[in-house]
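Numbers here simply count residues along the sequence, with the first being 1.
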Amino acid sequence: MHHTPDWHALENTREREWLDQWMRGRINPTTLQPEPAATRPEPALAGSTQ
């Protein structure tokens, strides 16, 4: 199956988002699926614009 460059770019973005969630402990190691969203927001890092 041939994939377009746009498809590859989207897959790269999805993989980076998943890895970011994994590093933050938001991925269940048993199911490899994201944990339910937290009920309270996480504190922002100092100097963050979020």
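- Annotation for Trp18 and Leu32: closest pair NE1-O, 3.3 Å, computed over non-hydrogen atoms.
- Between Gln21 atom CD and Gln33 atom CD the span is 10.0 Å, to the nearest 0.5 Å.
- Among residues two or more places apart in sequence or in another chain, the side chain to side chain contact (heavy atoms under 4.5 Å, CB included) test is passed with Asn28 by Thr30, Thr31, Glu35.
- Arg14 meets the side chain to side chain contact (heavy atoms under 4.5 Å, CB included) test with Leu10, Glu11; sequence neighbours excluded.
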### Query
Would Asp20 and Arg16 count as a salt bridge (charged side-chain N to carboxylate O under 4.0 Å, His left out) if you check the C-alpha gap in whole Å, the side-chain angles of each, and the deciding distance to 0.1 Å?
CA-CA 6 Å; Asp20 180 64; Arg16 288 177 185 267; over 6 Å; no
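- Applying the side chain to side chain contact (heavy atoms under 4.5 Å, CB included) rule to His8 yields the partners His3; only residues at least two apart in sequence or on another chain are considered.
- Not counting sequence neighbours, the partners of Thr4 by the side chain to side chain contact (heavy atoms under 4.5 Å, CB included) test are Asp6, Trp7.
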